[in-house]
Amino acid sequence: MTALTGTPSGMAAPQTGRLSPVARRRWENFKANRRGFWSLWIFLALFGISLCAEFIANDRPILVSYKGELLVPVLVNYPEETFGGFLAETDYASDFIREEIEANGWMVWPPIRYSYRSANSNIPHSAPTAPFWTMSATERCSGYPQGEADRGCTLGNFNWLGTDDQARDVAARTIYGFRISVLFGLALTIASAIVGVTAGAIQGYFGGWTDLLMQRFIEIWSSMPVLYILLIIAAILPPGFFVLLGIMLLFSWVGFVGVVRAEFLRARNFEYVRAARALGVGNATIMWRHLLPNAMVATLTFLPFILSGSITTLTSLDFLGFGMPPGSPSLGELIAQGKSNLQAPWLGLTAFLVMSIMLSLLIFIGEAARDAFDPRKTFG
Amino acid sequence: MTEPLLSVRDLSVAFHQGGKTSLAVDRVSFDIAKGEVVALVGESGSGKSVSANSILKLLPYPAASHPSGQILFNGRDLLTIDDAELRAVRGNDITMIFQEPMTSLNPLHSIERQIAEILDLHQGIKPAQARPRVLELLSQVGIREPEKRLKAYPHELSGGQRQRVMIAMALANRPELLIADEPTTALDVTVQAQILELLKQLKDAHGMSMLFITHDLGIVRKIADRVCVMTKGRIVETGPTAEIFGNPQHAYTRHLLASEPRGTPPTTDETKPIVIEATDMKVWFPIKAGFLRKTVDHVKAVDGIDLTLRAGQTLGVVGESGSGKTTLGLALTRLIGSQGRIGFEGQNIESYSFSQMRPLRRRMQIVFQDPFGSLSPRMAVSDIIGEGLKVHEPSLSARERDARVAAALEEVGLDAATRWRYPHEFSGGQRQRIAIARAMVLKPQFVMLDEPTSALDMSVQAQVVDLLRDLQARHGLAYLFISHDLKVVRALANDMIVMRLGKVVEKGPAETIFTAPREDYTKALMAAAFDLEAVPVPAVRQ
């Protein structure tokens with residue numbers, strides 16, 4: 001009875017937008033899931049903010065005017081001799097540099113004057129210290145030489161979420177840690193999607209022996225103990241972002257193979273694929289143009305869940321100490337600190353809240369994406 | 001006439017989707033008397049199935065609704081009674097058989113269990129005691145050796161047998177009204193004739209009434225007492241069958257009656273160059289068994305076929321499903337492997353690799369059966385038609401390619417401005433035109449037409465047949481026309497092969513075969529197709 005519903009209006013001219021009617025309906029379905037829709041925007045906003053982490057939490061000023069010259073310390077590393085010192089790197093928080101610059105110009109600080117690796121040298125008592133708003137003004141300024149009267153005891157120098165056991169600012173580390181988690185998750189997801197979709201496509205399209213051999217290989221491959229392999233490799237290679245990404249990628253692509261292979265197996269006998277073959281279109285083009293769009297639905301539905309899985313994996317590795325190199329901002333390391341410093345609940349609470357909010361947002365987005373791609377969900 | 005058994009009054013059906021409401025059925029009224037067969041005739045989208053489904057409220061409510069109307073069955077309005085009462089009517093007083101016997105039976109239950117379930121539901125006969133009645137029903141619907149078939153699953157039965165099981169289920173509770181929704185459309189012509197014969201017998205034996213939904217006027221003429229012609233959600237004409245066929249009043253009825261495929265095929269001309277020929281072509285699929293997967297036997301899909309096709313001529317390949325006609329076409333175009341010589345324009349192509357075949361592909365094209373499946377739903381029409389040009393004429397600029405696409409669309413009778421749309425916005429006939437344009441844009445010499453009209457409405461069929469003949473005359477195309485529909489073959493083919501189980505039963509000039517078939521199988525096929533008569537077919541030995 002579709003003939004009676006008529007054709008959508010406004011289709012006569014070449015389409016200006018690249019959204020096909022199918023894609024437009026999916027977007028409408030996605031928007032109809034309000035929770036997922038808002039989660040997407042909140043997540044994008046948080047991710048966008050964390051991408052500018054250097055401008056939000058940094059131990060260098062964003063802009064400095066010194067003796068009529070405009071300097072951008074956030075981007076450029078100026079040696080201290082620029083300001084009359086002798087060190088290779090300028091410590092803008094030190095009294096000497098601060099007074100020197102303020103005497104000859106001005107500087108603009110980011111809202112949080114700590115980077116993920118800078119320690120607060122004026123903490124009131126031994127680290128970890130509590131968030132500043134839990135302490136009285138006298139207490140929170142007691143670490144500064146002149147107490148409350150000290151010019152360093154300003155809002156920008158306070159630790160919003162306290163400090164960790166090395167006196168580093170938790171807020172700054174959270175922002176950087178969030179960024180690295182999401183970037184790692186995205187990179188791992190995209191890379192494993194590319195590898196997994198390619199492998200699944202080849203298996204499904206060619207079938208037969210190709211399929212059989214690759215399936216057996218995947219079965220053997222996926223039964224390898226990932227954690228032990230990580231431990232062994234960590235003993236040989238220095239762990240870092242890309243080494244971890246590579247090792248995780250070795251095993252995470254397998255997740256995509258099943259769905260993509262099934263889609264290709266199903267769709268390779270569609271008449272339009274046969275028609276393309278009869279036109280003389282090559283295998284690669286058929287796979288790319290005619291079959292991949294079918295498999296993309298399953299893949300895209302999968303993505304947010306794989307993304308949250310990747311983030312969790314990185315966090316747990318960091319928690320165990322096999323993750324990012326020491327000193328790098330990481331939510332897993334923050335959880336580990338929370339575990340060993342039970343007297344400082346702000347460490348564990350911060351890590352818990354950030355992780356759970358991030359993962360919940362991703363799951364909500366994933367649910368909405370799943371709804372959007374569901375072909376039966378038309379009478380929403 | 002006394003009180004009708006079923007009386008549909010002013011029935012309307014509306015569908016709501018995405019805030020829009022469309023009226024699928026618009027104030028339809030008809031009556032069915034006891035023991036009467038009423039046919040609802042119309043093309044796809046005319047609302048005939050929706051009307052029939054609303055009798056038992058089988059539509060996707062609440063997306064569907066009835067703005068007006070009454071369906072009186074024995075004086076009760078089926079639209080207003082509650083679900084429990086309706087369930088008592090469904091499958092008991094009124095039963096339905098559907099078009100697709102493959103999907104209307106549960107593939108996971110044996111047929112005994114499925115029939116016994118109906119008996120249990122409405123008559124309270126426990127499955128343990130139901131066997132005699134199940135056997136009786138199965139033999140009533142002409143299933144041979146029903147004892148052996150009790151434990152069979154639907155996939156073990158042929159299409160015709162499955163439809164018989166469906167009918168057995170529908171008859172289980174001796175219904176007063178049987179609604180048959182295109183019950184023979186998915187079946188071969190000989191099976192169709194048998195099923196119609198069976199329905200007729202059963203109707204006479206039980207005194208049932210029948211509502212028969214179909215698009216096939218031949219069936220209507222054969223089986224119906226009265227006809228309601230539907231188009232665009234309305235009944236435009238109602239009357240006794242003989243009157244409607246003899247003296248149609250409404251313009252649409254006349255149009256429908258006039259839309260049988262017409263015209264004459266090209267004349268046979270032995271002097272034309274041979275485009276494609278095959279000698280002793282075989283496509284055997286191995287059957288493997290045992291632990292070492294040894295080949296124990298072969299499915300002989302195509303078994304030793306010779307054919308010759310000349311420029312400007314049409315070779316019709318006729319046969320029932322499973323006869324290997326599509327396999328033959330695919331093997332000829334080298335889309336599947338085969339044995340035996342295939343000559344195309346003087347070259348022996350049987351051992352050509354994929355890349356060797358590629359330059360030849362532009363000169364041999366295929367039009368497939370299902371215009372919904374053969375166009376990629378995610379590509380605009382211009383991309384679909386232009387795809388072959390990108391492969392075979394990569395030197396064309398985007399503008400030149402666009403011009404060729406537009407010209408191809410104009411040639412098949414579509415507006416060139418529609419090339420930016422997506423396939424789902426076109427009707428079946430328009431989609432088939434697009435598929436033809438995709439083949440024609442490469443200017444081929446040989447086109448394999450694999451049931452190009454089977455999925456189309458009758459009047460659209462005739463148009464596509466005219467278009468194909470027109471294109472053939474203009475470009476001197478050679479057609480291999482595969483079809484089970486003998487009427488269409490008669491209108492297009494000058495030569496003909498009748499296939500059964502991979503072998504040629506009869507071959508020769510089409511007119512000779514149509515007027516004086518020699519083989520029994522061909523005769524049975526003709527009788528089933530043109531007169532809807534079931535003639536016993538002698539078994540062939542492989």
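Side chains included, hydrogens not; waters and symmetry mates left out as well; all remaining heavy atoms used. In the text below, chain A, chain B and the rest are named by the order of the sequence lines, each starting its count at 1. None of these values were measured; they are calculated from a predicted model.
In this structure, no portion of B:Arg419 lies under 4.5 Å from any heavy atom of chain A. Heavy-atom distances place the backbone of B:Met364, and not its side chain, under 4.5 Å from chain A. At a 4.5 Å heavy-atom cutoff, the contact between B:Ser376 and chain A is made by backbone and side-chain atoms alike. For B:Leu375, the part sitting under 4.5 Å from any heavy atom of chain A is the backbone (N, CA, C, O) and nothing else. For B:Leu442, the part lying near chain A is the side chain, with the backbone staying farther off; criterion is any non-hydrogen pair under 4.5 Å.
Listed for the B:Gln432 side chain is a donor-acceptor partner under 3.5 Å among the backbone atoms of B:Gln369. Side chain of B:Asn53 to main chain of B:Ser49: a donor-acceptor pair is present (N/O by atom type, distance under 3.5 Å, no hydrogens or angles).
In this structure, the ring of A:Tyr272 has its center less than 6.0 angstrom from the ring center of A:Phe270.
Of the listed residues (A:Val273, A:Asn283, A:Leu279), the greatest number of heavy-atom pairs within a distance under 4.5 Å of chain B belongs to A:Leu279. Chain A forms the most heavy-atom pairs under 4.5 Å with one residue out of B:Met448, B:Arg438, B:Lys390, B:Met357, and that residue is B:Arg438.
Side-chain contact, B:Glu387 with A:His290: a donor N or O sits under 3.5 Å from an acceptor N or O.
A cation-pi arrangement is not found for A:Arg268 relative to A:Tyr205, the charged atom failing to lie both closer than 6.0 Å to the ring centre and inside a 45° cone about the ring normal.
Applying the salt bridge (Lys or Arg N to Asp or Glu O under 4.0 Å) rule to B:Arg27 yields no partners; only residues at least two apart in sequence or on another chain are considered.
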